[in-house]
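Right, one structure below, let's go through it.
All figures in this text were calculated on a predicted structure; none of them were measured in a lab. Throughout, a chain's letter reflects where its sequence line sits, starting with A, and its residues are numbered from 1.
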Amino acid sequence: MQRLSSLFGRTLREDPADATIASHRLMVRGAFIRPLGAGIFSYLPLGWRTLRRIEQVVREEMDAVGCQELLMPVVHPSTLWERTGRFASLGPELVRFKDRAERNMVLALTHEEIALDLAARLVGSYRQLPVSVYHFQTKFRDEPRPRGGLLRTREFTMKDAYTFDPSPESLDATYRQFVTAYVRAFRRCGIEPLVVESDAGAMGGSDADEFHALTSAGEDTIVVCPTGDYGANQEVATTQPPEPDDAEPLPMEKVETPGQETIAAVAGYLGIPTQRTLKAVFYWTGEQIAFVAIRGDLDVNEAKLRRALRAPDIRLAADQELTAAGLVPGYASPVGLDEVLVVVDRSVECAANLVAGANMPGAHLVNVNFPRDFNADLVEDIADVAAGDPCPRCGTALELRTGIEIGNTFKFGAYYSGKLNATYLSEGGSPQPIVMGSYGIGITRLAAAIVELHHDEDGIIWPASVAPYNVHVVQLGQADEVTQAAERLAQDLEAAGLSVLVDDRDESAGVKFNDADLLGIPIRCTVSRRTVRADAVEIKMRHQDPREQVASAEAVARVVAEHDALLAALSPDAPVGLLPVETAAMANSHDPLKGT
RNA sequence: CGGGGCGUGGCGCAGCCAGGUAGCGCGCAUCGUUCGGGACGAUGAGGUCGGAGGUUCAAAUCCUCUCGCCCCGACCA
């Protein structure tokens, strides 16, 4: 048992000034974590115990699908990273340094290279496949902007798994197993994950899914169909193509629009809806300017544009870059442009008689029609999906949600195997590339997501599966009889298999109860002069209000039963797949920031 | 990287504009009284005011530079 009087860490009465989101605030106040630098945290005993419990849930689900735990290093020679090309292609988020012999080294930000290299060395035959490994390991990514406590850190703990299959079909089966294992793990941690399609990445992935905890504290926008048949990260989400406008194309004309430099201004000035305008957005690809033409009411989705252009590092172009290319900011038009790369969103292809800039100050063109009036180098879907757009599968109005990405899964196929020459001998005796999958769960981020979904104004409400201790024994008063009773209760609870935190501090009842609420251990037992005289123990569940006195002789059995019931409620067993949005709505209703 | 904010005992803050003995609340220590939802009284410890340089008789305060942290955006397997 741990006594609060000797716990390393102190709770804070006031919120830390720099914490804005609930999980950050409560985990610092409750002595779970302390910041060391931007995006770098120490995990105090309470926090570390919690992380280890989360790990254990994940570990059990990984073991259950036959995945084998190992441990790979944090510091790597750059060699393998050079062979896959990532030493050069990754940006400053990959920390590079030299050792004493001037060899290039990196800090692990993931372990595909290392895991696959191991597989290549250890797997020789199809008889050894499929096989999979995982570990819990520190990752370091020099993020440009850490934020939200454990939500986005530079140093973090990740459970990453790597699967090795003999064929894409075999990988498909493995992949489904892992998705199922992930959903089970998250449910056991008290999170109903929303599984959505995600960006497979510019690095050769063929298929990818993300697992989201829905809460307004998240950073990702998720597009979901209320029928549950579609869900995708906004980076890859699509909607049904717009209905073609079969209006008769009218002759193009120039109109004076002095001072009307924005879509809203032009539309207002001409008395038309923004859907009837053509918005020009300019990106710099690193080599040239890309002129993006999109319907005025839509927004450009940069992730889609990046893929369409096959340009990993696009950014909005600066005004001087536009002027240098002969474009007039506010009045730019694709009409009459030859030198510039033009990307047209499919919304423009389907529209008729749009208003576009005239490439001169103070004037616009009306009745612009594509492709009659201008050319495109690319026509693609590069628009953000908006709430209300029709589901690509069933046409139902789509909804937008905010989520924390707590896990992801990727099919890499033979992409890395080709680079690292990772092969096995097939039944026919020929070398074949190992077919790889990669699966991540951010353990520290998952802890933050759990707190976001499980807290109230008084503190954290840990799911029983991951709480740092099972039971919080609060001793009120320092009388010998009370101390002894609390001690005995704690010992009996431990003998029954529960972990116990005892608040034996000489503090007032209010301080102790408030700290108990803050720390969020699911079951609280109070021992005081009053309960000792009644030969009883008061039991209170953290997630509900009633307090109940139970006879001492029955207290332990009762606590065990309550704890078992809490664990049973965190059942992993429910249909797996793309989850219905009702569950998403339920998850959101837990979020006090949004109200209910 | 762009924009904004903030660095003053362990935590939360005031003082800065209008330079002149570094303050408040909480916490901490000791003693006493309290003792079921952040008790009360008394006494006490604890701060090179993020750092460097400058202006000045005098700098937490004014100027310059710099480091760090937070938020928004950019970015993000």
(request) Just compare B:rG38, B:rA77, B:rC69 and give me whichever is closest to any side-chain atom of A:Ala38. (result) B:rC69
(message) Just the rounded figure in Å: distance from P of B:rG37 to CZ of A:Arg13.
(response) 14 Å
(request) Under the side-chain hydrogen bond (donor to acceptor under 3.5 Å, both in side chains) rule, collect the residues that match up with A:Glu61, sequence neighbours excluded. (result) A:Arg184, A:Arg188
(request) Please state how far atom CD in A:Glu14 lies from atom C1' in B:rC24, giving the value in whole angstrom units. (result) 12 Å
(message) Please report the distance separating the P of B:rG73 from the corresponding atom of B:rU64, rounded so that it comes out in whole Å.
(response) 30 Å
(request) Could you encode protein contacts along nucleotides 2-10 of chain B as a string, one character per nucleotide from 5' to 3', using B for base contact, S for sugar-phosphate-only contact and - for no contact, with a heavy-atom cut-off of under 4.0 Å? (result) --------S
(request) In whole angstrom, give me the gap between the P atoms of B:rG54 and B:rC11. (result) 31 Å
(message) Just to verify, what does A:Thr138 make a side-chain hydrogen bond (donor to acceptor under 3.5 Å, both in side chains) with, not counting sequence neighbours?
(response) none
(request) Please identify each residue that fulfils ring-ring contact (aromatic ring centres under 6.0 Å, His included) with A:His472, with sequence neighbours left out. (result) none
(message) Nearest to the A:Asp517 side chain among B:rG38, B:rG37, B:rA77, which nucleotide is it?
(response) B:rG37
(request) Please say whether the positively charged group of A:Lys411, taken as NZ for Lys or CZ for Arg, lies over the ring of A:Tyr175, i.e. under 6.0 angstrom from the six-membered ring centre and within 45 degrees of the axis. (result) yes
(request) Go through B:rC70, B:rG36, B:rA77 for me and flag the one nearest to the A:Asp18 side chain. (result) B:rC70
(request) Could you check how far CG of A:Asn233 sits from P of B:rA77, rounded to whole Å? (result) 11 Å
N/O to N/O distances under 3.5 Å, protein versus nucleotides 30-33 of chain B:
none

(message) Should the side chain of A:Arg29 and the base of B:rG38 be counted as holding a donor-acceptor pair, with the cut-off at 3.5 Å?
(response) yes
(request) Return the set of residues passing side-chain hydrogen bond (donor to acceptor under 3.5 Å, both in side chains) with A:Ser438 (not counting sequence neighbours), or none when no residue passes. (result) A:Glu112
(request) Side chain of A:Arg86 only, please: which of B:rA77, B:rG37, B:rG25 is the nearest? (result) B:rA77
Please output the side-chain donor-acceptor pairs of residues 508-519 of chain A that fall under 3.5 Å, not counting sequence neighbours, one pair per line with the distance.
residue: A:Ser508; atom: OG; partner: A:Val511; partner atom: N; Å: 3.4
residue: A:Lys512; atom: NZ; partner: A:Gln475; partner atom: O; Å: 2.5
residue: A:Lys512; atom: NZ; partner: A:Asp503; partner atom: O; Å: 3.1
residue: A:Lys512; atom: NZ; partner: A:Arg505; partner atom: O; Å: 2.5
residue: A:Asn514; atom: ND2; partner: A:Gly510; partner atom: O; Å: 2.9
residue: A:Asp515; atom: OD1; partner: A:Thr11; partner atom: OG1; Å: 3.0
residue: A:Asp515; atom: OD2; partner: A:Thr11; partner atom: OG1; Å: 3.2
residue: A:Asp515; atom: OD2; partner: A:Arg505; partner atom: NH1; Å: 3.2
residue: A:Asp515; atom: OD2; partner: A:Arg505; partner atom: NH2; Å: 2.9

(message) Nearest to the side chain of A:Arg530, heavy atoms from C-beta on, is which of B:rG36, B:rG38, B:rC71?
(response) B:rG36
(message) Do A:Glu210 and A:Asn408 pair up side chain to side chain, a donor and an acceptor below 3.5 Å, judged on atom types alone?
(response) no
(request) Indicate whether any N or O donor in one side chain lies under 3.5 Å from an N or O acceptor in the other, for A:Asp504 and A:Ser5. (result) yes
(message) Under 3.5 Å for both donor-acceptor distances, Watson-Crick or wobble: does B:rG9 have a partner, and if so which one?
(response) none
(message) Taking the C1' atom in each of B:rG25 and B:rA14, what is the distance between them to the nearest angstrom?
(response) 11 Å
(request) Could I get the full list of side-chain hydrogen bond (donor to acceptor under 3.5 Å, both in side chains) partners for A:Asp220, not counting sequence neighbours? (result) none
(message) Please report the distance, rounded to the nearest Å, between CZ in A:Phe513 and C1' in B:rA39.
(response) 15 Å
(message) Under 3.5 Å for both donor-acceptor distances, Watson-Crick or wobble: does B:rU21 have a partner, and if so which one?
(response) none
(request) Write down the distance between CG (A:Asp506) and C1' (B:rC35), rounded to a whole number of angstrom. (result) 9 Å
(message) Looking at B:rC40, which nucleotide sits across from it as a Watson-Crick or G-U wobble partner, both distances under 3.5 angstrom, or is there none?
(response) B:rG32
(request) Starting at atom CD of A:Glu143, determine the distance to atom P of B:rC1, rounded to an integer number of angstrom. (result) 15 Å
(message) Checking contacts here: which listed nucleotide (B:rC72, B:rA74, B:rG37) is nearest the side-chain heavy atoms of A:Arg547?
(response) B:rG37
(request) Test for a donor-acceptor pair under 3.5 Å between the base of B:rG36 and the side chain of A:Ser528, counting only N and O atoms. (result) yes
(message) Can you see whether A:Trp81 engages A:His76 through a side-chain donor-acceptor pair at a distance of less than 3.5 angstrom?
(response) yes
(message) Using Watson-Crick or G-U wobble geometry with both distances under 3.5 Å, which nucleotide pairs with B:rC65?
(response) B:rG51
(message) In this structure, how many angstroms lie between the P atom of B:rA77 and the CD atom of A:Glu235, rounded?
(response) 7 Å
(message) What is the separation between atom CZ on A:Phe41 and atom C1' on B:rC69, rounded to the nearest whole Å?
(response) 11 Å
Listed pairs under 3.5 Å, donor-acceptor, residues 15-24 of chain A side chains, sequence neighbours left out:
residue: A:Ser23; atom: OG; partner: A:Glu452; partner atom: OE2; Å: 2.7
residue: A:His24; atom: ND1; partner: A:Gly149; partner atom: N; Å: 3.4

(message) By nearest atom, which of the nucleotides B:rC28, B:rA77, B:rG38 is closest to the A:Glu507 side chain?
(response) B:rC28
(request) Can you tell me the pairing partner of B:rA58 across any strand shown, Watson-Crick or G-U wobble, with both distances under 3.5 angstrom? (result) none
(request) Once you apply the 3.5 Å cut-off to both distances, tell me the Watson-Crick or G-U wobble partner of B:rC75, or none. (result) none
(request) Pick the P atom in B:rU43 and in B:rG37, then give their distance to the nearest Å. (result) 29 Å
(message) Whether A:Arg445 engages the ring of A:Phe156 as a cation-pi pair (distance to the six-membered ring centre under 6.0 angstrom, angle to the ring normal within 45°) should be assessed.
(response) no
(request) Identify the nucleotide, in any strand shown, that forms a Watson-Crick or G-U wobble pair with B:rG46, with both distances under 3.5 Å; if there is none, say none. (result) none
